[in-house]
Amino acid sequence: MSARTWMTAVLLLTGASAARAEDHDLPATPATVAWGHYDAAAKPVLTVRSGDTVTVHTLLTNSPTGLERAGVAPADIESSLRAVFAGVAADQRGPGGHILTGPIAVEGAEAGDTLEVRILKIDLAIPYAYNAFGPTTGFLPDDFPYRRVKIVPLDRKRMVGHVAPGVDVALHPFFGSMGVAPPTSFGRYDSTPPNIGGGNMDDRAQVAGTTLFFPVHAPGALLEVGDGHAAQGNGEVDITALETSLVGKLQLILHKKGSGADVEASYPRAETPAAYIAMGFDEDLSNAARKAVRGMIDWLVAAKGMTRDDAYMLVSVAGDVEVTELVDRNKGVHVALPKAVFANSGR
């Protein structure tokens, strides 16, 4: 086959793939949410092909009663939130508390593959968020042995949250929880602690423009999305961010096992326009950091062709090791490495 014929075939196949790609809309209803868990045995609420996009509607993690008690007018409570609280049976809830939209299956996904999730867009669904802490939650429960909830108005025009008089926080919406089903042996896995399938990672870098890579553990991958955050600081120290409902547009791309180290993932990782990100989750903060650092080293060796020594040195001199979250039993750490370090490498 000549070079021109080969290129023509590639273009035709690319065009055909693009033509087959579909746009889906997935609302949050009693029939389309997973309340508090990720589960390899769950039945998908939507099945898509690789390359398809999905507009996912998500709900904040609070009850209509709780929001009203905190000061939200009844008319401002989403009807979809009321429907989910009224329509999801008790035995379908838990063990965690997050209301997640999904699971979404991708045709052909099998254990050992990688699911690439491109976050194309994230919009605020409501003009308010809440932040809360309690006597047994957060990083400093002994210092704050009581419960408090604050409703925070969100200014969509200026993209700030009015946290306190004269104090505004810039909004950078992202999904606190996004992940695939863990292995079958995990059973119905609590949505609270992040794990090898991602989940409640609470990584504020996962805004529109970021791409996530998840290892597939179950047929279809079974992606779930939720726990919308309008803004959050690294650590999420009181156990909540600016918790709100979000609408996101995602593109899902399946990479079969053997596709190449630049797209394959054995552990959740991410890529922003400016950086590569490796993650680590563990009950022990030091172990979480070790996982993240080792993950970045392994990826640099596999995807960038570096020696392990050089990769270790590069992470030390150019990588930022940051605490993603401290409060979800499994601690989260990520390593962000600027892409700019490879500007002259040709890699």
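The figures that follow rest on heavy atoms only: side chains count, while hydrogens, waters and symmetry mates do not.
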message: Assess the residue pair N195 and F186 against the criterion (side chain to side chain contact (heavy atoms under 4.5 Å, CB included)); give the C-alpha distance rounded to whole Å, side-chain angles, the decisive distance to 0.1 Å, and a yes or no.
response: CA-CA 10 Å; N195 69 95; F186 282 52; 4.3 Å; yes
message: For a quick test of reading the model, state the closest non-hydrogen atom pair linking V327 to G235 and the distance between them.
response: CG2-O, 4.2 Å
- request: Would you please name every residue forming a ring-ring contact (aromatic ring centres under 6.0 Å, His included) with F213, sequence neighbours left out?
  value: none
- request: Say whether, by atom type as modelled, one donor and one acceptor occur between the side chain of T114 and the main chain of A265 under 3.5 angstrom.
  value: yes
- request: Apply side chain to side chain contact (heavy atoms under 4.5 Å, CB included) to the pair K256 and E110, showing each step before the final yes or no.
  value: CA-CA 8 Å; K256 299 300 291 181; E110 303 172 291; 2.8 Å; yes
task: Considering non-hydrogen atoms only, spot the tightest contact between L222 and A105 and give its length.
output: CD2-CB, 4.1 Å
task: Could you verify whether a donor N or O on one side chain and an acceptor N or O on the other, from T192 and N200, lie under 3.5 Å apart?
output: no
field: Distance-only side-chain donor-acceptor flag, H57 / D25, under 3.5 Å
entry: yes
task: State yes or no: do V160 and V169 share one hydrophobic cluster built from I, L, V, M, F, W and Y residues joined by side-chain heavy-atom distances below 4.5 Å, directly or via other members?
output: no
task: Please answer whether the main-chain N or O of E283 pairs with a side-chain N or O of K331 as donor and acceptor at a distance below 3.5 Å.
output: yes
message: I'd like to check R118 versus I253 (side-chain heavy atoms, cut-off strictly below 4.5 Å). Are they in contact?
response: yes
task: Answer yes when R82 and E68 have at least one side-chain N-carboxylate O distance shorter than 4.0 Å, and no when they do not.
output: yes
- request: May I ask you to list the residues sharing a hydrophobic cluster with L100, side-chain cutoff 4.5 Å, ordered by chain and number?
  value: Y38
field: Smallest separation among heavy atoms of A111 and H217, with atom names
entry: CB-O, 3.8 Å
message: Taking the basic N atoms (NZ, or NE/NH1/NH2) and the acidic carboxylate oxygens, is any pair closer than 4.0 Å for D310 and R308?
response: no
task: Using only heavy-atom distances, determine whether the side chains of D282 and N330 contain a donor-acceptor pair under 3.5 Å.
output: no
- request: To the nearest 0.5 Å, tell me how far L242 CG sits from H172 NE2.
  value: 11.0 Å
task: Measure the shortest side-chain to side-chain distance between W299 and R269 over non-hydrogen atoms and say whether it is less than 4.5 angstrom.
output: yes
task: Give a yes or no on whether the backbone of I119 and the side-chain of K249 come within a donor-acceptor separation of less than 3.5 Å.
output: no
field: Flag, side chain of E243 to backbone of A241, donor-acceptor distance under 3.5 Å
entry: yes
- request: Give the minimum heavy-atom separation between V315 and V293, together with the two atoms involved.
  value: CG1-CG1, 4.4 Å
field: Nearest heavy atoms of L115 and A221, plus distance in Å
entry: CD2-CB, 4.1 Å
message: If only side-chain N and O atoms count, and only distance matters, is there a donor-acceptor pair under 3.5 Å linking E271 with T210?
response: no
query: Residues two or more places apart in sequence or in another chain: which of them pass side-chain contact (heavy atoms from CB on, under 4.5 Å) with R49?
result: E22, D52, E107
- request: Go through T55 and V247 one step at a time and tell me if the side chain to side chain contact (heavy atoms under 4.5 Å, CB included) criterion holds.
  value: CA-CA 7 Å; T55 297; V247 180; 3.6 Å; yes
message: A274: which residues meet the side-chain contact (heavy atoms from CB on, under 4.5 Å) condition with it, sequence neighbours left out?
response: T272
task: State whether the side chain of T184 and the backbone N or O of A40 hold a donor-acceptor pair below 3.5 Å, judged by distance alone.
output: no
- prompt: Between the side chains of S191 and H98, does any donor sit under 3.5 Å from an acceptor?
  reply: yes
task: Taking atom CZ of F139 as the centre, report whether more than 12 heavy atoms of other residues, nucleotides or ligands fall under 6.0 Å from it.
output: no
- request: Please find out if less than 6.0 Å separates the ring center of F133 from that of Y146.
  value: yes
message: Checking K121 against D123 for the salt bridge (Lys or Arg N to Asp or Glu O under 4.0 Å) test, could you report, in this order, the C-alpha distance in whole Å, the side-chain angles of both residues, the deciding distance, and whether it holds?
response: CA-CA 7 Å; K121 187 179 182 182; D123 292 319; 3.6 Å; yes
message: If you count heavy atoms of other groups shown closer than 6.0 angstrom to CZ of R148, is the number above 12?
response: no
field: Separation between CE of M279 and CD1 of I196, rounded to the nearest 0.5 Å
entry: 14.5 Å
- prompt: So, does E322 use its side chain to make a donor-acceptor pair with the main chain of H334 at under 3.5 Å?
  reply: no
message: If I compare all heavy atoms of L223 with all of L250, which pair ends up nearest, and what's the gap?
response: CD2-CD1, 4.3 Å
task: Take T211 and E116, measure what side-chain hydrogen bond (donor to acceptor under 3.5 Å, both in side chains) needs, and give me the verdict at the end.
output: CA-CA 7 Å; T211 298; E116 176 181 348; 4.6 Å; no
query: Is it the case that one hydrophobic cluster holds both M296 and Y267, taking links as side-chain heavy atoms less than 4.5 Å apart, direct or via other members?
result: no
task: Check whether NZ of the Lys or CZ of the Arg K304 lies under 6.0 Å from the centre of the six-membered ring of F342 and within 45 degrees of that ring's axis.
output: yes
Pair H229 and F174, ring centroids less than 6.0 Å apart: yes
message: List the residues meeting side-chain contact (heavy atoms from CB on, under 4.5 Å) with N131, not counting sequence neighbours, and say none if there are none.
response: D238, T240
- prompt: Does a side-chain heavy-atom distance below 4.5 Å link V335 with I277?
  reply: no
- prompt: Just wondering, are more than 12 heavy atoms of other shown residues or ligands nearer than 6.0 Å to NZ in K339?
  reply: yes
message: Clusters formed by hydrophobic residues whose side-chain heavy atoms approach within less than 4.5 Å: which one holds V33, and what are its other members?
response: W35, L59, L60, L67, V72, I77, L81, V84, F85, V88, I99, I126, Y128, Y130, V149, I151
query: Does any non-hydrogen side-chain atom of P194 lie less than 4.5 Å from one of D328?
result: yes
query: Any sub-3.5 Å donor-acceptor pair from S50's side-chain atoms to L254's backbone N or O?
result: yes
- request: Nearest 0.5 Å please: distance from the NE2 atom of H37 over to the CZ atom of R93.
  value: 12.0 Å
message: For D113, is there an ion pair with K257 - N to carboxylate O distance below 4.0 angstrom?
response: no
task: Look at atom CZ of R294 and say whether more than 12 heavy atoms of other residues, nucleotides or ligands are closer to it than 6.0 Å.
output: no
